[in-house]
Amino acid sequence: MSTPPTVWQDIARKGLWQQNPGLVQLLGLCPVLAISNNVVNALALGLATTLVTALSSATVSSVRHWVPHDIRNPVFIMIIASLVTCVDLAMNAWLHELYLVLGIFIPLITTNCIVMARAEAFASRQPVREAAWDGAMMGLGLTGVLVALGALRELLGKGTLLAGADKLFGPVGQHLSLQLAGPDYQFLLMLLPPGAFLGLALLIAGKNALDARARQRQTAAANPAPLANTGTTP
């Protein structure tokens, strides 16, 4: 039986916005805060996490009927670790410069709370397609937060955007880098860990403000104001 389109939309809405792992659930904050000092690093780690989350969710869903309940967490961790190892080796082979920059944070995807949480809370209870879609949307939701935070910190900290894009996109990436401030400009606070906390706080505040405004519009639409009395008589 095919899944109704509304189910796919609901999963996407939750992963990208309503239950965003970086802004709502606040999972996996260690890589979010450590790697988000520029857009390229943030995008690379976000895409790697998305790939692992989607594939691990699909794999966990496909084997969930054969894994005893008592040992399912170790089995899930082994599945995730195997996929992370594949991603780690692939990045080392094809994106070596970026691999050296990201360092330990690629292997640490294995212990990322987002990956394990989706495997346990959703993939172990849902069909393969829905589990893979949920993993992809949660990963993309985290990627969006990483990229937004990386852009904010890079722009305010160094006055650049997409610096070092050739590490991710190859030679074409050399034309994507933007220098928006003088070569001597630097705002060190945004490049250090306190800047990561400040930037994430601004993103969370912005999301909460947008959600509050959306709720106000829904309330106003559900309870329209009564017509004013004009004082005229028929």
Side-chain angles (χ1 to χ4, degrees), residues 1-36 41-92 99 102-149 200 204 207:
M1 185 175 63
S2 61
T3 303
T6 53
V7 174
W8 301 106
Q9 295 170 4
D10 184 59
I11 292 175
R13 190 180 303 111
K14 288 180 179 178
L16 296 175
W17 188 258
Q18 293 178 350
Q19 297 179 6
N20 186 285
L23 298 180
V24 179
Q25 301 184 59
L26 300 180
L27 298 174
L29 289 186
C30 178
V32 169
L33 299 174
I35 294 299
S36 61
N41 294 351
L43 179 60
L45 184 64
L47 293 178
T49 305
T50 299
L51 180 62
V52 171
T53 306
L55 293 178
S56 63
S57 293
T59 306
V60 166
S61 176
S62 65
V63 302
R64 69 187 191 278
H65 297 300
W66 293 279
V67 178
H69 181 81
D70 295 339
I71 62 170
R72 63 178 182 175
N73 283 343
V75 171
F76 294 169
I77 292 175
M78 290 181 61
I79 292 172
I80 295 169
S82 300
L83 293 170
V84 170
T85 301
C86 293
V87 172
D88 184 71
L89 293 174
M91 291 193 69
N92 190 14
Y99 171 82
L102 296 179
I104 191 63
F105 289 102
I106 295 297
L108 281 179
I109 295 175
T110 303
T111 59
N112 194 312
C113 298
I114 300 169
V115 184
M116 190 62 191
R118 298 322 296 172
E120 172 67 25
F122 193 91
S124 62
R125 297 173 173 84
Q126 299 295 331
V128 175
R129 291 187 302 170
E130 286 83 346
W133 181 246
D134 174 78
M137 292 300 102
M138 284 290 172
L140 289 177
L142 178 66
T143 302
V145 175
L146 278 166
V147 171
L149 185 56
L200 183 62
I204 294 174
K207 181 188 183 301

With no hydrogens and no angle check, is any side-chain donor or acceptor of [X] less than 3.5 Å from a backbone partner on [Y]?
{"X": "Thr111", "Y": "Leu108", "value": "yes"}
{"X": "Arg118", "Y": "Ala54", "value": "no"}
{"X": "Gln25", "Y": "Gln19", "value": "yes"}

Which heavy-atom pair separates [X] from [Y] by the least distance, and what is that distance?
{"X": "Pro21", "Y": "Ile114", "result": "CB-CD1, 3.6 Å"}
{"X": "Ser36", "Y": "Ala42", "result": "CA-CB, 4.3 Å"}
{"X": "Gly22", "Y": "Leu26", "result": "O-CD2, 3.3 Å"}
{"X": "Phe76", "Y": "Met116", "result": "CB-CE, 3.9 Å"}
{"X": "Thr53", "Y": "Gly135", "result": "CG2-O, 3.3 Å"}
{"X": "Ala48", "Y": "Met91", "result": "CB-SD, 4.4 Å"}

- Given side chain to side chain contact (heavy atoms under 4.5 Å, CB included), test Ile79 with Val63 step by step and report yes or no. CA-CA 10 Å; Ile79 292 172; Val63 302; 4.1 Å; yes
When rounded to the nearest 0.5 angstrom, what is the spacing between [atom1] in [X] and [atom2] in [Y]?
{"X": "Ser57", "Y": "Ile80", "atom1": "OG", "atom2": "CD1", "answer": "8.0 Å"}
{"X": "Asp134", "Y": "Gln126", "atom1": "CG", "atom2": "CD", "answer": "8.5 Å"}
{"X": "Thr49", "Y": "Ile109", "atom1": "OG1", "atom2": "CD1", "answer": "4.0 Å"}
{"X": "Leu140", "Y": "Leu47", "atom1": "CG", "atom2": "CG", "answer": "8.0 Å"}
{"X": "Ile71", "Y": "Met78", "atom1": "CD1", "atom2": "CE", "answer": "9.5 Å"}
{"X": "Asp88", "Y": "Phe105", "atom1": "CG", "atom2": "CZ", "answer": "13.5 Å"}

- With sequence neighbours excluded, give me every side chain to side chain donor-acceptor pair (under 3.5 Å) pair touching residues 69-85. Arg72-Glu120
- Query: Could you walk me through whether Leu146 and Val32 pass the side chain to side chain contact (heavy atoms under 4.5 Å, CB included) check?
  - Reply: CA-CA 6 Å; Leu146 278 166; Val32 169; 4.1 Å; yes
Do [X] and [Y] have side chains that get closer than 4.5 Å, going by heavy atoms?
{"X": "Ile106", "Y": "Asn92", "value": "no"}
{"X": "Leu23", "Y": "Leu200", "value": "yes"}
{"X": "Asp10", "Y": "Thr6", "value": "no"}

